[in-house]
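Just so you know, these numbers come straight off a predicted model, no measurement behind them.
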Amino acid sequence: MSFLKQRATRTLISAAFLVGAFAGAATTGIASTILGSSIFSDVQSGSFYDSAVGTMYSLGVIKGYNSRTFGPNDYVTRGQLAVMLDRFRTEVVNGNVVQSSSRSSTSSVSSASSSSSSSVSSSSSTMSYSSYGVRLTQKEYVVAESAGSVKIGVTRTGGAKGTVSVDYATTDGTAVNGTDYTTTKGTLTLLTNETSKTFSISVSNNPIAQGNKNFTITLSNPVGSQKLANPGVATVTITDNQTVQASSTSSTGTASSSSSANPAGTLGLNAATYMVNEKAGSIVITVARAGGSTGVVGVNYGTSNGTATSGSDYTTVTGTLTFNAGETTKTFSIPVIANSNITGNKSFNIILGTVTGGASLGAAGATVTLFDDESGTFDSGTLKFVKNVYSVSKSAGTVGVTVLRTGGTVGTVSVNYATTNGTAAAGTAFTYTSGTLTFLPGEASKVIVIPIANKADSPGKTFTVEITDVTAPAVLSSPTSTTVSIES
């Protein structure tokens, strides 16, 4: 054997052997919470590495392949080894992993949010967090005081076997129980195969302008084979209606009813792309009026061929939509034509044209994909980000992040979204943005618009956007988070 072959042989270590070595070094005083065979289809139950794979997965050291396989007999390169060692250092050596606590245990959780210094403590012990376990779906929530309530999501990651539960409770910040919101506490229980649940907190509508206020939510005492994962504490900001109405922008950076907005509104397509089963008979397109609804306005619409041909695959339509004062949505229908041949998916275009009544024109074009049902099934679909990383210039003003609905667009589904600080901080480099995307039947993609600040120290900094809590029967698929990199 040559020297180079000997060196390569010494460098390539089997994944199962390496994970076993990690587990032996890490599990002193840490209970194994999950078996590898319950996560990865190619990990044999009862194998010598079954428990080690589960432990390292729960600690965040290994991730596996996107196909939910581990590859126990695959070799590990030096580059992969370096990544796992770095995760091992972060999650284990630096003490980020703790054992699951019981109902009788006591803990202290300090909020990491910059907007509140509130903490919940019942003893001198401190709870830290794992990358795997039960967590809140967002670090920050924003709700208008007139909304009446805010819905909070709790999710578990890394497996859905067995019943687990976790306590939740609110703590006053600048917002006070009984005046600004209602103190809420309780226990959420997730049964086998349940990955998320929600609870609501009531907020009060105060007619006096007092500025925005906030309180915190804390998770504690996970029961079952779960740990607390980040974020275990979240801040809820209650926006003051009177303050928002006097401002030029709302808390999410979108235009409000100020003098700078067009009172007649902006007319645009309600989705970036559309998809419909060729046997559906037709697709309904929604045009939305945003930013104002004063007066009567109108917009022309039409279709044009793409790979789909009018008369063979769909029927050409043209017309005008008229919005009366106060109306914010209108629809038109496009007939689609089914065939019994396997021709693959085809597409045509929708175009909005001239607007009248002083309105502005927003999203004016989109593609409609005709799904060939002879080549696959069509259901409510899967939601995910189009890509893992977006780059935006600091001077761009905004960045658009696209959420895609694939595999079908049957029915109405929704998904929550929110930004999370990275090296870029909300309020400085970008505007914190959260909300809910609602996909109507046929709508296949939507864009989340996030304002970017033109700051001298922004280039090279990043933040993330995450989607959570999709409504059934649609599901989430990777990537459910994306990184935005601010460039010069």
Side-chain angles (χ1 to χ4, degrees), residues 23 27 29-41 43-47 50-64 68 70 91 96-109 120 122 125 127-139 151-170 184-201 217-234 415-416 466-478 480:
T27 55
I30 300 178
S32 177
T33 60
I34 195 168
L35 294 175
S37 55
S38 68
I39 307 166
F40 302 112
S41 60
V43 173
Q44 183 177 352
S45 178
S47 60
D50 191 4
S51 177
V53 170
T55 300
M56 290 298 98
Y57 180 83
S58 69
L59 297 177
V61 175
I62 64 169
K63 305 293 185 183
R68 301 300 287 175
F70 174 63
E91 299 298 337
N96 290 334
V97 177
V98 297
Q99 296 190 54
S100 299
S101 57
S102 65
R103 293 275 177 229
S104 61
S105 67
T106 56
S107 63
S108 172
V109 183
V120 178
S122 56
S125 62
M127 179 70 78
S128 57
Y129 299 99
S130 167
S131 59
Y132 157 84
V134 186
R135 65 182 180 90
L136 292 159
T137 55
Q138 298 174 207
K139 290 182 179 179
K151 183 178 290 186
I152 307 300
V154 173
T155 189
R156 62 172 170 175
T157 59
K161 287 191 175 182
T163 298
V164 299
S165 61
V166 66
D167 292 341
Y168 61 88
T170 57
T184 304
K185 63 180 179 179
T187 301
L188 283 184
T189 299
L190 301 172
L191 304 177
T192 295
N193 294 329
E194 286 187 329
T195 57
S196 65
K197 279 198 172 180
T198 61
F199 61 93
S200 294
I201 302 171
I217 310 161
T218 303
L219 297 184
S220 63
N221 298 331
V223 171
S225 57
Q226 294 279 336
K227 298 178 173 69
L228 285 180
N230 266 324
V233 179
V415 65
N416 294 335
E466 185 178 17
I467 51 175
T468 58
D469 298 330
V470 65
T471 55
V475 296
L476 294 177
S477 69
S478 181
T480 57

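Interatomic distance, OG1 of Thr187 versus OH of Tyr168, reported as 7.5 Å (0.5 Å rounding). One finds the NZ atom of Lys151 at 8.5 Å from the CG atom of Asp469 (value rounded to the nearest 0.5 Å).
The side-chain contact (heavy atoms from CB on, under 4.5 Å) test with Leu136 is passed by exactly one of Leu228, Thr218, Leu219: Leu219. Checking each of Thr184, Ile152, Val233 against Ile217 for a side-chain contact (heavy atoms from CB on, under 4.5 Å) leaves exactly one that passes, namely Ile152. Between Asp167 and the options Leu188, Asn221, Val223, a side-chain contact (heavy atoms from CB on, under 4.5 Å) holds for only Asn221.
Here the side chains of Thr480 and Thr468 are not in contact, with every heavy-atom distance at 4.5 Å or above. The closest side-chain heavy-atom distance from Thr170 to Lys185 is not below 4.5 Å.
With hydrogens and angles ignored, the 3.5 Å screen pairs a side-chain donor or acceptor of Lys197 with a backbone N or O of Thr189.
Between Pro222 and Lys227, the shortest heavy-atom contact is CG-C, 4.1 Å.
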